[in-house]
Amino acid sequence: MGKITLRNVTKKFGDVAVIPALNLDIENGEFVVFVGPSGCGKSTLLRLIAGLEDTTDGSILIDGADATDTPPAKRGLAMVFQSYALYPHMSVRKNISFPLKMAGVDPAEATRKVDNAAKVLNLTSYLDRKPGQLSGGQRQRVAIGRAIVREPKAFLFDEPLSNLDAALRVNMRLEITELHQTLKTTMIYVTHDQVEAMTMADKIVVLNAGRIEQVGSPLTLYRNPANVFVAGFIGSPKMNLITGPEAEKRGATTIGIRPEHIDLSTTAGEWQGEVGVSEHLGSDTFLHVHVPGMPTLTVRAGGEYGVHHGDRIFLTPQADKMHRFGADGKAM
Amino acid sequence: MATQHSRTAARLMISPAVILLLLWMIVPLSMTLYFSFLRYNLLMPGMETWAGFDNYYYFLTDPAFFSALSNTIILVVGVLLITVIGGVALALLLDQPFWGQGVVRVLVIAPFFVMPTVSALVWKNMFMNPVNGMFAHIAKALGLQPFDFLSHAPLASIILIVAWQWLPFATLILLTALQSLDREQQEAAEMDGASVFARFIYLTVPHLTRAVTVVVLIQTIFLLGVFAEILVTTNGGPGTASTNITYLVYAQSLLNYDVGGGSAGGIVAVILANIVAIFLMRMIGKNLDA
Ligand SMILES: Nc1ncnc2c1ncn2[C@@H]1O[C@H](COP(=O)(O)OP(=O)(O)O)[C@@H](O)[C@H]1O
Ligand SMILES: [Mg+2]
């Protein structure tokens, strides 16, 4: 079981309220991603759940029981740190079996569990190495192995992939998602990368300055962002956010339209602009179009789209995919 | 230093320093070596004759030599044990956040700045003196017989004094090492269910081995040559109870005016120090590799 409930959880460092009172329910078996810009309090929130920081106010419930004052080891949660936090002088085997040793698990049983974890994580041939002799991805897997053998109620990941190169990141992303599907254990995953959030999560929690901006499934956030912040944060490339007369014409303070929801034409359309930079990815082409009276708009064209810098182009936003936001930034 | 020309210039420029250093070391060493083969007593100047290995024979078969050797070892090992264990304990305490941390850290380092002669005299007269010393007062206040440290436990007293002097050094090195211990590792261990004690054994101790190695190596070099503390407190006595090799060499050459014997002792001390150095490097020097 791994149901985690946060009730009015508050964290202050001195006078600074990093997390103002926050409420959140995490269901058993869910893959929840906390996403938000750097410094918005994601790690702090995760550490509060782990018990590595004391809450200033509010309570944390794990499986219905109040765990606010329970020490980290007793909460039954396992954490994977950004720096991996492996024990440098211990072999991979010793690293993975450390929590078992601390729990007084029978050595034969521990060996069996470590071997199992190593097999799942492709670490079998590295068990006798020291962490210093492993690559970044392997270290990451050792850290995950150390978490798995404890059979925790929930896994906590703090930006586990941010130290890996792009290709490895995509691989590990898949591996972690797959691990979740095999283990079916609750996972809370912190990242500032909305692509990781979109691809991995059952439920995304968008944080901004310690506040929850929106909670929902990836597609809910994509389709119905609750406010300007979420609209701008979720989706790649970013949603075009337009203020001024064009927004007022539609009765909003800000309107948002995603790059993939603008139709292109070289002959006629609602907005007329000039092509700036065009990024050719092969599968897609992203055009940056300068339209008078608007910020530079990003537009996605499927496949290869043959326009050049300085060409005239017409844009038509798909009216039903348009997002309208009021003066308070909330969706209308 | 790319070109032949600049390399020659560089050699030329550092040569005065190198030559001076070489003379500085080689001249006294070779003179000591030379004297150690002479029958050379300051009471009979100008009567030097060739003595072969006699000086070495007498120095090495002197019963005082063996007690001096064992005293030296006990002194070094004793001080190392106290400073390393005490240093780790103090460093752990000083690493905790508490009010007035900065001041306390400076105070802890203070003994290191006191000259050996001064600190030994302070210990001898103000603490260990059986009549006026603080320990005597405490003992009397508790209704106990004052203990005459320097005559009944001379070597232990000297170990205590020297350890007091070196404790700050060990503490300082170990404290810096402790501060470089990764916080996330500690937290990971905490989540893995390791108690404070287990974290100390499995994380702190392995992390500190390198710093302990540095402390042991540096201190050993200095502790082999402890002299001032012995001279001002016990004069090597009673008998030879607190005589170490350094002090024995001094007693031979200056108290007995026997330059030849003293020189032989000096050479023996140099050889012993080198043996210890090789031994140490073999044993714990590998901890210093990456
Ligand atoms: N121990 C601390 N003391 C004071 N301020 C802290 C501490 N830890 C984090 N903060 C502050 O809390 C805010 C959120 O930090 P963090 O949770 O690490 O952000 P994130 O992980 O989202 O990048 C930051 O502004 C940071 O400066
Ligand atoms: Mg963080």
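The sequence lines fix the lettering, A, B, ..., with proteins before strands; numbering per chain opens at 1.
Only the side chain of Arg47(A) comes within contact range of chain B, with at least one heavy atom under 4.5 Å from a heavy atom of that chain. Using a 4.5 Å cut-off between heavy atoms, Ala188(B) contacts chain A through both its backbone and its side chain.
Atom CZ of Arg105(B) has more than 12 heavy atoms from other residues, nucleotides or ligands within 6.0 Å. For Glu27(A), the CD atom is densely surrounded, since the number of other residues' heavy atoms within 6.0 Å is greater than 12. In Phe13(A), the CZ atom is crowded: over 12 heavy atoms of neighbouring residues, nucleotides or ligands sit closer than 6.0 Å. Heavy atoms from other residues, nucleotides or ligands lying under 6.0 Å from CZ of Phe31(A) number more than 12. The number of heavy atoms from other shown groups lying within 6.0 Å of CZ (Phe279(B)) does not exceed 12. Within 6.0 Å of CZ in Phe197(B) there are 12 or fewer heavy atoms belonging to other residues, nucleotides or ligands.
At a heavy-atom cut-off of under 4.5 Å, chain B is reached by Phe81(A), Gln82(A), Ser83(A), Ala85(A), Leu86(A), Tyr87(A), Pro88(A), His89(A), Met90(A), Phe98(A), Pro99(A), Lys101(A), Met102(A) from residues 81-104 of chain A, listed in order of number.
Here the straight-line distance linking atom CE of Met191(B) with atom CZ of Arg150(A) works out to 6.0 Å at 0.5 Å rounding.
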